[in-house]
2 protein chains.
Amino acid sequence: MEGESEDAARTDRRQRHASILDVAALAGVSPSTVSRSLRGHDSVATATRQRVAEAARELAYTVSPHASGLASGRTLTVGVVVPFVTRWYFANAVAGAHDVLSAAGFDVLLYHLGDAAARDRFFDRMPLARRVDAVLTLSLPLTEEHTLALRALDMPLVTLGARLDGVSSVRIDDVAATRNAVHHLLHQGHEEIAMITAREDDEAFGFLARPDRVDGYRQALAAAGLAGREDVVVAETYGIEGGASAMARLMERPRLPTAVLAEYDEVAIGALRTLRRSSVPVPGRISVIGVDDHEMSSVLDLTTMAQPVREQGAIAARLLLDQLEGRAGAPVDVVVPTRLVVRSSTGPPQPA
Amino acid sequence: MEGESEDAARTDRRQRHASILDVAALAGVSPSTVSRSLRGHDSVATATRQRVAEAARELAYTVSPHASGLASGRTLTVGVVVPFVTRWYFANAVAGAHDVLSAAGFDVLLYHLGDAAARDRFFDRMPLARRVDAVLTLSLPLTEEHTLALRALDMPLVTLGARLDGVSSVRIDDVAATRNAVHHLLHQGHEEIAMITAREDDEAFGFLARPDRVDGYRQALAAAGLAGREDVVVAETYGIEGGASAMARLMERPRLPTAVLAEYDEVAIGALRTLRRSSVPVPGRISVIGVDDHEMSSVLDLTTMAQPVREQGAIAARLLLDQLEGRAGAPVDVVVPTRLVVRSSTGPPQPA
């Protein structure tokens with residue numbers, strides 16, 4: 001028995017060294033012929049198939065467990081369902097998941113539900129069944145009907161940036177993120193702290209609103225004895241433009257707050273643009289803090305609560321792989337920490 | 001005959017006005033039931049099917065030619081093959097294509113070939129055949145073998161940001177874009193103009209290098225009698241970090257150029273970060289211009305050659321729809337114009 005497992009380990013090591021390219025070179029055929037041949041496709045001539053098999057044997061090469069799954073009807077594909085692929089958060093979460101899945105031999109199929117029509121079509125047609133082996137959903141607001149449709153697929157399922165009963169999830173603690181952002185401002189001496197939130201346009205698309213982030217803001221103010229001093233401004237549109245116009249509305253008031261917490265960095269960046277164009281000193285006259293650590297935040301010196309987005313995508317992908325390989329136990333809820341990144345957009349309030 | 005085509009036109013107009021939602025409301029069922037019912041799914045009860053049919057008749061609503069194609073084995077899905085979905089250009093091109101395709105009743109399947117392994121698997125398995133009706137490729141460097149594999153699918157094919165023999169394409173004129181960027185700098189009086197290009201890491205992944213942009217830079221300098229004054233710096237990595245370190249290398253020299261053209265805005269933004277951190281005045285000491293009009297460029301007041309990315313995605317999608325509906329003639333090469341957007345990162349050179 002011991003000898004056998006040693007042999008297995010040795011074979012395993014050798015397998016890792018020989019690639020499909022080595023086999024192709026030795027057999028004098030293209031990699032895709034090797035692949036088709038080893039998977040038993042009819043399109044490969046018998047003589048070629050024998051040559052490939054010999055080369056593979058010589059190099060101790062076998063198709064990976066995933067690849068061999070093809071023959072058993074597996075698609076070796078993971079479906080990722082995402083509302084908006086243009087947004088930084090989603091694009092990076094997808095990239096993080098892609099890296100892990102690709103390394104494990106899986107393709108990634110992105111279902112981009114950019115609007116309500118696309119989402120309805122998706123849940124109507126439910127095109128996942130014969131196309132993918134597992135599903136990762138990103139921050140999708142799921143009705144009970146949607147949830148049932150996904151469960152009915154009876155395949156591995158993980159959700160990122162949202163929770164779903166009985167399904168493993170990966171996310172940050174949104175309440176803690178904004179609570180800690182407010183703590184930073186309080187420690188600097190701010191008491192007039194406004195928050196710009198993203199528009200909760202559930203009706204238009206149903207993008208997951210994040211009331212949790214507003215909760216964290218309210219909790220931190222209440223704990224500091226500032227209950228009743230909440231000042232929540234709702235941005236009319238998503239992202240930079242939404243943040244820019246929300247800041248413009250704040251500036252129409254007779255009195256500015258001394259600090260602004262933006263629900264996410266793109267909103268904060270829009271607010272910074274309005275402030276700069278109006279020559280309002282940051283942080284001299286007003287401090288600005290965001291949530292995310294968007295790639296542009298370091299360029300703009302924006303203080304923010306950083307969340308590791310690619311890493312969350314990678315963790316979600318590993319949870320899916322565990323399920324695919326039968327290694328998963330009960331569903332888990334992985335909460336990854338955020339951390340304060342202090343840059344120069346926040347500072348103590350200045351006497352006017 | 002004339003009466004018939006008038007009727008058809010009238011019906012066509014009415015069809016555009018009644019939506020699946022109207023039919024659903026009138027029949028008192030969900031939109032997805034309307035959809036399933038009109039497509040003849042067995043899962044809809046006969047009575048319901050009759051109610052839906054009556055409502056559809058009353059509103060002169062029929063499922064679109066695309067939707068009815070479902071019965072004939074069409075997937076109503078367009079495959080979009082993209083190297084890097086995290087990058088602004090790709091994400092926005094995909095979003096532009098998605099909007100048009102979704103409005104026409106098509107789903108979008110994104111094939112994200114984030115690395116060489118994923119690309120090889122893609123062309124090895126060629127998973128498009130039974131999954132999609134048409135293919136859009138974005139800036140993919142295609143070998144002859146890849147091109148043959150795509151053509152062998154024998155389905156509508158459009159390429160964006162690259163050219164492929166005998167295939168319709170949508171792109172900007174990269175040579176003209178950087179030539180005009182240099183003209184802007186020349187008009188301001190600059191003669192020492194460096195260019196930071198993206199690393200052409202064809203070997204690692206085969207991302208389409210854009211030598212055309214360097215050509216435009218060289219051509220403009222030559223036309224201005226500055227041949228031999230070219231100064232091309234290659235960024236080691238993609239995007240902001242690549243631009244930042246390339247600018248840092250430029251600053252190690254005894255003498256800075258008075259202006260820098262970055263191959264695309266993310267590189268320019270990285271360069272701006274290095275300059276700001278080194279307290280080098282922009283444009284007082286050095287002017288910076290990019291190509292793209294990235295969403296952050298307005299925030300950073302970056303002068304740039306703007307290209308309409310979402311629009312290019314939309315045009316490519318319409319070309320695909322034309323092919324799907326048999327309305328396409330010979331392949332076309334659509335070149336969309338770029339335009340100079342002057343912001344405050346460029347200005348006349350200052351005497352040192």
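Residue numbers start from 1 in every chain, and the chains themselves are labelled A, B, ... in the order their sequence lines are given, proteins ahead of strands.
A donor-acceptor contact shorter than 3.5 Å is absent between the side chain of S102(B) and the backbone of D99(B). Between the side chain of Q312(B) and the backbone N or O of P308(B) there is at least one donor-acceptor pair closer than 3.5 Å. Remark: the backbone N or O of L76(A) is paired with a side-chain donor or acceptor of D133(A) at under 3.5 angstrom.
Of the listed residues (M296(B), M126(B), E295(B)), the one with the most heavy-atom contacts under 4.5 Å to chain A is M296(B). Of the listed residues (N92(B), I240(B), V108(B)), the one with the most heavy-atom contacts under 4.5 Å to chain A is I240(B).
Proximity to chain B (any heavy atom under 4.5 Å) is shown, for L300(A), by both the backbone and the side chain. Interface residue S298(A): backbone and side-chain heavy atoms are both found under 4.5 Å from chain B. H98(B) touches chain A through its side chain: at least one heavy atom from C-beta onward sits under 4.5 Å away, while N, CA, C and O do not.
Between D292(B) and R87(B) no salt bridge is recorded (no basic side-chain N to carboxylate O distance below 4.0 Å).
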**OP:** Go through the steps for V78(B) and V132(B) under the test side chain to side chain contact (heavy atoms under 4.5 Å, CB included), then give the verdict.
**Re:** CA-CA 5 Å; V78(B) 172; V132(B) 303; 5.8 Å; no

